[in-house]
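This report refers to the structure that appears directly beneath it.
We name chains A, B, ... by the order of the sequence lines, and we start the count at 1 in each one.
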Amino acid sequence: MFNPNELILQKIRSVEEYDPSTDELMGRYTQIEEPSLQTSTEATDVTDAIGTPIHTFYRNSQGTFSFTNSLHSLDLMASQFGSEKVVADETKKILVPVSETVEIAADSTVTLKYTPAGAEGTEIKYVKIINKSNTFGDTYTISPTSASGKNFTLNKAERKITLPAGTTGRAFVSYVRESDSAVKLSKTTDTITPVRKLIIHAIFHDPCDANIVYAGVIQCQRAQIDPTSVEVGLSPDSKHAATYQLKKPYCDESANLFDIIVAEQ
Amino acid sequence: MPNNKTNSVCAICGRPYYCCSDSLAAKSFTPWKKIVDSKEHYKIFMALMGYTNKSIDQKQAAEELKHCDLDGMEHFPENIRESIEEILKDSGEAGLPEGGEA
């Protein structure tokens with residue numbers, strides 16, 4: 001009979017998020033750091049006439065699962081933002097903002113890296129010159145005719161901007177382009193984090209023989225990312241933290257917040 | 001928004017007008033508001049730009065301008081006025097063509 005007590009926890013191998021109604025896999029995170037499972041309960045003291053506690057009732061048991069993913073995960077961000085990741089393809093392109101700083105050629109033209117998107121003529125309204133001191137200089141505005149004065153022309157097919165003759169230096173151009181190989185996720189003000197089912201895979205070792213490995217699973221039937229505070233670090237060394245509030249499934253008689261299962265094989 | 005608040009200048013007639021960039025960012029059927037103040041001036045803009053970029057020839061540009069409302073052309077910026085006059089010069093259209101489509 002397999003009935004382990006003390007085990008060596010090597011690591012949490014992965015955290016998987018499922019849609020609780022369809023069991024569709026919504027996200028999988030494999031670079032888990034600092035995982036933690038916590039429970040809490042509210043205590044209500046019963047006191048006598050002079051305030052001495054004589055009994056304590058415990059109610060409102062709750063659970064929390066938190067971890068930090070070493071890498072930034074777009075699927076985890078989608079869960080945290082309560083949105084879906086939009087994937088571009090040939091029929092559904094995504095507009096990608098582009099900002100370019102380009103050296104102005106001898107003929108006062110600037111060649112863009114991408115074809116600007118937008119209604120004809122409205123793709124790029126302004127071009128700013130960058131001075132040698134790295135400050136902004138003159139601003140040029142789109143014109144349909146000639147590049148003169150403070151106007152420039154745009155030839156979209158050739159991705160070429162023509163500035164007035166004699167303009168030198170670098171040009172700063174901001175525009176959008178279409179991409180069929182991009183993803184996009186958005187955070188709106190009227191969505192909240194969805195409720196998921198979590199399956200957390202762990203690796204245990206037998207304390208007597210560390211070569212013996214056991215599979216461990218922590219299963220949370222109802223887990224919702226805490227939307228009251230979500231922070232995504234944007235520096236190179238920042239990780240991606242997430243905290244789930246664990247809830248009891250209403251229809252489940254057993255009222256399990258989570259199950260921990262360790263299998264011998 | 002006060003009636004006298006403007007934040008853009010029409011690329012065709014040079015008059016200032018107000019354009020809400022947030023409404024352009026949302027799904028809008030008036031993307032031309034980014035650069036001109038009316039749909040008629042956008043038609044002129046397209047004809048001139050096509051001619052400048054050599055995607056249409058003088059004859060085609062003149063044909064497009066024939067269907068544009070060129071009222072007030074005498075007050076357009078010099079480069080716009082000269083470009084229109086150059087296109088219409090040899091096309092047999094003397095002076096201003098008749099008003100554009102409704």
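Around the CZ atom of B:Arg15, the shell of radius 6.0 Å holds no more than 12 heavy atoms that belong to other residues, nucleotides or ligands. Heavy atoms from other residues, nucleotides or ligands lying under 6.0 Å from NZ of A:Lys187 number more than 12. Atom CD of A:Gln219 has more than 12 heavy atoms from other residues, nucleotides or ligands within 6.0 Å. The environment of NZ in A:Lys247 is crowded: more than 12 heavy-atom neighbours from other residues, nucleotides or ligands sit within 6.0 Å.
Note: B:Ile80 CD1 to A:Asn151 CG = 7.5 Å, rounded to the nearest 0.5 Å. Between atom CD of residue A:Glu123 and atom NZ of residue B:Lys34 there is a gap of 8.0 Å, rounded to the nearest 0.5 Å. The distance from the NZ atom of A:Lys156 to the CG atom of B:Asn53 is 11.5 Å, given to the nearest 0.5 Å. In this structure, A:Thr145 OG1 and B:Arg81 CZ are separated by 11.5 Å, a value rounded to the nearest 0.5 Å. Distance check, rounded to the nearest 0.5 Å: CG of B:Asn79 to OG of A:Ser143 gives 4.5 Å.
Heavy-atom minimum distance, A:Ile142 versus B:Ala11: O-CB, 4.1 Å. The two residues B:Trp32 and A:Thr122 come nearest to each other via the heavy atoms CA-CG2, 4.0 Å.
For A:Lys125, there are no salt bridge (charged side-chain N to carboxylate O under 4.0 Å, His left out) partners two or more places apart in sequence or in a different chain. Legend: residues meeting salt bridge (charged side-chain N to carboxylate O under 4.0 Å, His left out) with A:Glu16, ordered by chain and number and at least two apart, are A:Arg28. With sequence neighbours left out, the ring-ring contact (aromatic ring centres under 6.0 Å, His included) criterion links A:Tyr18 to no other residue.
Within the 4.5 angstrom heavy-atom criterion, no atom of A:Thr141 approaches chain B. Of the atoms belonging to B:Tyr51, not a single heavy atom falls under 4.5 Å from chain A. Neither the backbone nor the side chain of B:Ile44 comes within contact range of chain A; no heavy atoms are under 4.5 Å apart.
The interface of residues 71-104 of chain A with chain B, defined by heavy-atom distances below 4.5 Å, is empty.
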